[in-house]
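Report on the following structure.
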2 protein chains.
Amino acid sequence: MTKPTLLTLVPEEINKIKAASLEILERTGVNIDHAYAREVLQAAGAKVDGERVYFPPKLVIEAIAKAPRQFSIYARNPKNSIIVGAGDPVFAPGYGAPYVTLASGLKRKATFADFTKLAKLSGSSSNMGISGGVLVEPSDIPEQNRHNAMLYACMVNSDKPFMGSATGEKHAKDSLRMAATLFESDNGIPKQPVMISLINTITPLMLDERMVGALIAYAEAGQPVIIASLGMAGATSPTTLAGTLALQNAEVLAGITLAQTIREGTPVIYGSASSITEMRNGSLSIGAPEGAWIIASAVQIAHSYGLPCRAGGCVTDSKTLDLQASYESMMNLQVAGMAGVDFVLHAAGILESYMSVSLEKFIVDDEICSIVRRFLRGTKIETEDLAVQLIDEVGPGGQYLTADHTYQNFRTEFWPPTLSNRETYDQWRLNGSLPMINQAEKRVNEIIDNYEIPYLDKSIELKLKEMAGI
Amino acid sequence: MTKPTLLTLVPEEINKIKAASLEILERTGVNIDHAYAREVLQAAGAKVDGERVYFPPKLVIEAIAKAPRQFSIYARNPKNSIIVGAGDPVFAPGYGAPYVTLASGLKRKATFADFTKLAKLSGSSSNMGISGGVLVEPSDIPEQNRHNAMLYACMVNSDKPFMGSATGEKHAKDSLRMAATLFESDNGIPKQPVMISLINTITPLMLDERMVGALIAYAEAGQPVIIASLGMAGATSPTTLAGTLALQNAEVLAGITLAQTIREGTPVIYGSASSITEMRNGSLSIGAPEGAWIIASAVQIAHSYGLPCRAGGCVTDSKTLDLQASYESMMNLQVAGMAGVDFVLHAAGILESYMSVSLEKFIVDDEICSIVRRFLRGTKIETEDLAVQLIDEVGPGGQYLTADHTYQNFRTEFWPPTLSNRETYDQWRLNGSLPMINQAEKRVNEIIDNYEIPYLDKSIELKLKEMAGI
């Protein structure tokens, strides 16, 4: 039962990229728009000049060594606690899109009702390990308490782990207080890791005040963070994929060094979201094969540091749930899975280079997640599996349908599809040959109509609701 | 520039499967419905009892060692000659479907006109290394000369290598004579490898008279053959994927042993087409993740013998060019490519578990082939690619769009899509947001309307036409 492994780089190539990143961190440095962060790093040995922080290799290497290779995130339902970095990828839904694309193809600004529906889809999915973060940006909630409203919806609609706000120190502390309330911790901080947050660098080589503020708040509270870089090769990072990997790596290491300097052992995930620029219009392409190659390579780099990695997802540049959305999503999720990714943000729903989410695509992507998980499971190669005795008994020209061995094994060996159609042509016509997007639409409604919100103590729910200001 | 590599089995597991196959070949044997084949194998050391042939391990191992790891197939246009087993996969179009599915979704029996169109699509594709074999089964050509008519269409509409008929000794000899005519060889046999043919076993453990007859004719003529097995796990092979791999391997090795016994050094490709049975209706599923896992594993087994491998393709169970067709095709082609497959039959057009071909899907699959090829190409990781100097010059917050480095590299580093849409939402709406299937339909017509049939000496063409009986 070997885990499928995809390798795109040999160790010598990984070392070249890592050496380049250390050189960038030492020679060029990173602009960090946060005075306290600069102070802390300076005290740890970094050179600071204005906003610019120059990282000595020793500081970076020692910081990386302090980060755990795997860690748990505890859910209020213990059955839904997850381990990041233990071998199987954790899937999390799409994050941050301002729009929703309907089954009709029409697109509109996302609302809190959309958000809640997505939280339910995520809650009901056996593939999603995380209920959500910014499932969409609900335009009908005022910005000042949007982060709390979103967190409330994730917390009450599902008993899985969730994602905290990353838009500044204040928002992060709001998230921590709500998590403490949910987990009934007195001092405003959850007692153990119960959430994860997405800290993005600004490429090239910048960390802004809001993200750093959130990072520090979570690190001080012992809560996991993803430190992610999104370089657009050709626009915000070098056109060569090697250069983009080196730059991305430098940025992620800067963030991880800060997190470990704030608090040793902070659970961090090495996040890679870089891809290429479509040179015809200067836009980000997340469905490009070069992006898929970066995914696989970033996983190898992260693992060479002993860090869990976030990369990939069912991501696409397509504007609608179509053939392109389908093949790009499969390409990116499959590559991430095979490369051994630990955490997959955007595993369901994303369209249009992160600009929109489709509820129907969430359902199709959930099927793709199942497919990839089945592939990754592989199979046993033991004597009873090789079935030489059975093959001899059946002999040339025989059949296996009625063999006990078949009956004993098919349920565990074969993955049962939910959406993928394996009917004969005639069955398919007879059964209405409903397009997958319409099947997915039906499934969305079924899930939402029948969704059972997990039990939560009424007094806790009321407190959370009050904190959320809704 | 490392070639991406996908591994699903460790050497110990490969050895277990190989040992199981040798045990099957020795203990259970294979029914070979061809007296001369049995005689030849018996003379080489096999035990024969009625139709059953039992293979001693030594015979099999020695035969495998005689087969080349790579070989050339020469095209009449030398630029189109191909090497099988040199590292890059050779793509060949879909093979053997009796139906054509139209863009409207309607399905009908395939005709010779469809066949000719497919030969042109294949001829025009920069991804397809082979013009075609049974591109579809043209129902309007009488069966007795259908094989010759198909070969004629492949030979005249394209100057790429082609596939010979595998439906019996007589048909194979017809193909050889036509190839000899095309290449102006006097003795009815081409002087070098110019074609390849698909020899299928009948699972479990049978080789029928027609396939063996063709195999012998091609082996004697020094023309390459694919020896392929298609086990349906749970119906014609064990439900456990391990057992299916062991059985498939035994069958392929039996065919290769016969080919090498007929003529040492016959170029052979180890062919894996096995997948699982959909237990709800007993039909073959070629879009299943278990099938993809078998693809990757078979490539590893073949390579461990020093044999080139055929596996994978843009194959799907879907009845129409839809989301499922798209993600299953990407899954299967990507896995094959990453595993290092040498020859990909069914790389374009297949729908409905091999039952039908779509011309529009041919175009979409051709895009998928391009995507996978770009991924497989990887990138260089040299000093100039890592661009540390440039990163320093651009600095934090800068941009790379106007850098010389970008201008010098983007054309080689970035793959330019043909169908995949990377417009912004507004551009896409403004430009008509034509669904990909309709774009593909337009492209089919453009290619066929503008197709330039490559030059062929008129007298040769007339001879071929006469031989084809059309």
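Worth knowing before you read on, the calculation uses all heavy atoms, side chains too, and leaves out hydrogens, waters and symmetry mates. Every chain is numbered from 1, with letters handed out A, B, ... down the list of sequences.
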**Nearest heavy-atom neighbours spanning B:Gly234 and A:Thr406** = O-CG2, 3.8 Å
**Request:** Could you check A:Lys107 against B:Tyr425 for side-chain contact (heavy atoms from CB on, under 4.5 Å), going step by step and ending with a plain yes or no?
**Result:** CA-CA 10 Å; A:Lys107 179 178 134 175; B:Tyr425 184 83; 3.5 Å; yes
**Prompt:** Which heavy atom of B:Phe375 sits nearest a heavy atom of A:Val335, and at what distance?
**Reply:** CE1-CG2, 4.0 Å
**Message:** Taking every non-hydrogen pair under 4.5 Å, which of B:Gly105, B:Pro204, B:Gly243 racks up the most with chain A?
**Reply:** B:Pro204
**Prompt:** Relative to chain B, which of A:Leu376, A:Asn281, A:Leu284 shows the most heavy atom pairs under 4.5 Å?
**Reply:** A:Asn281
**Prompt:** Could you give the distance from CD1 (A:Ile368) to OH (B:Tyr327), rounded to the nearest 0.5 Å?
**Reply:** 6.5 Å
**Item:** Heavy-atom proximity to chain A below 4.5 Å, by part of B:Lys380
**Value:** backbone
**Request:** Specify which of A:Ala387, A:Ala292, A:Ser353 makes the most heavy-atom pairs with chain B at under 4.5 Å.
**Result:** A:Ala292
**Which portion of B:Met331 sits near chain A, non-hydrogen atoms under 4.5 angstrom** = both
**Message:** Is A:Pro435 in contact with chain B via its backbone, its side chain, both, or neither, using a 4.5 Å heavy-atom distance?
**Reply:** neither
**Fill in**
Turns out that what part of A:Leu321 lies under 4.5 Å from chain B's heavy atoms comes down to both
**Asked** Which residues satisfy the salt bridge (charged side-chain N to carboxylate O under 4.0 Å, His left out) test with A:Lys3, sequence neighbours excluded?
**Response** none
**Prompt:** Given side chains that start at C-beta, do those of B:Trp293 and A:Arg377 come closer than 4.5 Å, heavy atoms only?
**Reply:** no
**Prompt:** Is a side-chain N or O of A:Lys319 found less than 3.5 angstrom from the main chain of B:Glu423, in a donor-acceptor match?
**Reply:** yes
**Request:** Return the set of residues passing salt bridge (charged side-chain N to carboxylate O under 4.0 Å, His left out) with A:Glu23 (not counting sequence neighbours), or none when no residue passes.
**Result:** A:Arg27
**Prompt:** Who wins among A:Leu386, A:Leu401, A:Thr402 for the most heavy-atom pairs under 4.5 Å with chain B?
**Reply:** A:Leu386
**Message:** I want to check something: taking the side chain as every heavy atom from C-beta on, are A:Met338 and B:Met338 in contact at a cut-off of under 4.5 Å?
**Reply:** yes
**Prompt:** To the nearest 0.5 Å, how far apart are CH2 in A:Trp415 and OG in B:Ser285?
**Reply:** 8.5 Å
**Asked** Taking C-beta and beyond as the side chain, do A:Leu323 and B:Met330 meet within less than 4.5 Å on heavy atoms?
**Response** no
**Asked** Do you know which of B:Pro289, B:Ser420, B:Pro396 has the most heavy-atom pairs under 4.5 Å to chain A?
**Response** B:Pro396
**Request:** Answer yes or no: are there more than 12 heavy-atom neighbours, outside B:Phe410 itself, under 6.0 Å from its atom CZ?
**Result:** yes
**Request:** Indicate yes or no for a side-chain donor-acceptor contact from A:Glu413 to the backbone of B:Leu241 under 3.5 Å, with no hydrogens or angles considered.
**Result:** yes
**Asked** Which atoms of A:Asp322 come close to chain B, meaning under 4.5 Å heavy atom to heavy atom: side chain ones, backbone ones, both, or neither?
**Response** backbone
**Message:** Would you say that more than 12 heavy atoms from the other residues, nucleotides or ligands in this model lie under 6.0 Å from the CG of A:Asn431, or not?
**Reply:** yes
**Message:** Is B:Glu251 close to chain A through its backbone or its side chain, or both, or neither, when contacts mean heavy atoms under 4.5 Å?
**Reply:** neither
**Message:** Please check: side-chain N/O of B:Thr240 versus main-chain N/O of A:Asp385, any donor-acceptor pairing under 3.5 Å?
**Reply:** yes
**Check: A:Asp317 main-chain N/O paired with B:Asn421 side-chain donor or acceptor under 3.5 Å** = no
**Prompt:** Do you know which of B:Met206, B:Glu367, B:Glu13 has the most heavy-atom pairs under 4.5 Å to chain A?
**Reply:** B:Glu13
**Message:** Has A:Thr2 got a side-chain atom pairing as donor or acceptor with B:Leu9's backbone, closer than 3.5 angstrom?
**Reply:** no
**Most chain B-contacting option - heavy-atom pairs closer than 4.5 Å, from A:Thr236, A:Val372, A:Asp392** = A:Asp392
**Request:** Measure distances from A:Ile17 to the heavy atoms of chain B and classify the residue's part below 4.5 Å as side chain, backbone, both or neither.
**Result:** both
**Complete:** When the 4.5 angstrom heavy-atom criterion is applied to A:Arg373 and chain B, the contacting part is neither
**A:Glu328 versus chain B, the contacting section by heavy-atom distance below 4.5 Å** = side chain
**Item:** Residue A:Ala233 versus chain B: region with a heavy atom under 4.5 Å
**Value:** both
**Prompt:** Are the side chains of A:Gln324 and B:Val364 in touch, meaning some heavy atoms are under 4.5 Å apart?
**Reply:** no
**Request:** Give a yes-or-no answer on whether the side chains of B:Thr424 and A:Ser283 include a donor-acceptor pair shorter than 3.5 Å.
**Result:** no
**Request:** Select one option (side chain, backbone, both, neither) describing which atoms of A:Gln389 are under 4.5 Å from chain B's heavy atoms.
**Result:** both
**Prompt:** Heavy-atom distance under 4.5 Å to chain B: side chain of A:Glu12, backbone, both or neither?
**Reply:** neither
**Any side-chain heavy-atom pair of B:Thr379 and A:Glu290 under 4.5 Å** = no
**Request:** Kindly indicate whether the side chain of A:Ile391, heavy atoms from C-beta on, has any atom under 4.5 Å from the side chain of B:Pro238.
**Result:** yes
**B:Pro4 and A:Leu6, any side-chain heavy atoms less than 4.5 Å apart** = yes
**Prompt:** Quick one: does B:Gln334's side chain have a donor or acceptor within less than 3.5 Å of a partner on A:Gln334's backbone?
**Reply:** no
**Item:** Choice from A:Glu393, A:Gln408, A:Arg52, A:Met355 maximising heavy atom contacts with chain B below 4.5 Å
**Value:** A:Arg52
**Request:** Check whether any side-chain heavy atom of B:Tyr400 lies under 4.5 Å from a side-chain heavy atom of A:Thr277, and answer yes or no.
**Result:** no
**Asked** Counting heavy-atom pairs under 4.5 Å to chain A, which of B:Glu51, B:Gln399, B:Arg280 comes out on top?
**Response** B:Arg280
**Prompt:** If you count heavy-atom pairs under 4.5 Å with chain B, which of A:Ala20, A:Ser433, A:Ser237 comes out on top?
**Reply:** A:Ser237
**Prompt:** Does a side-chain N-to-carboxylate-O contact under 4.0 Å join A:Lys16 and B:Glu382?
**Reply:** yes
**Request:** Using non-hydrogen atoms and a 4.5 Å limit, figure out which bit of A:Glu352 sits close to chain B: side chain, backbone, both or neither.
**Result:** side chain
**Message:** Taking atom CZ as the centre, does B:Phe414 end up with more than 12 heavy-atom neighbours from other residues, nucleotides or ligands that are less than 6.0 angstrom away?
**Reply:** yes
**Request:** Return yes if some donor-acceptor pair links the side-chain N/O of A:Thr28 with the main-chain N/O of B:Gly395 below 3.5 Å, else return no.
**Result:** no
**Prompt:** Given the options B:Ala403, B:Ala246, B:Gly397, B:Gly378, which has more heavy-atom pairs under 4.5 Å with chain A than any of the others?
**Reply:** B:Gly397
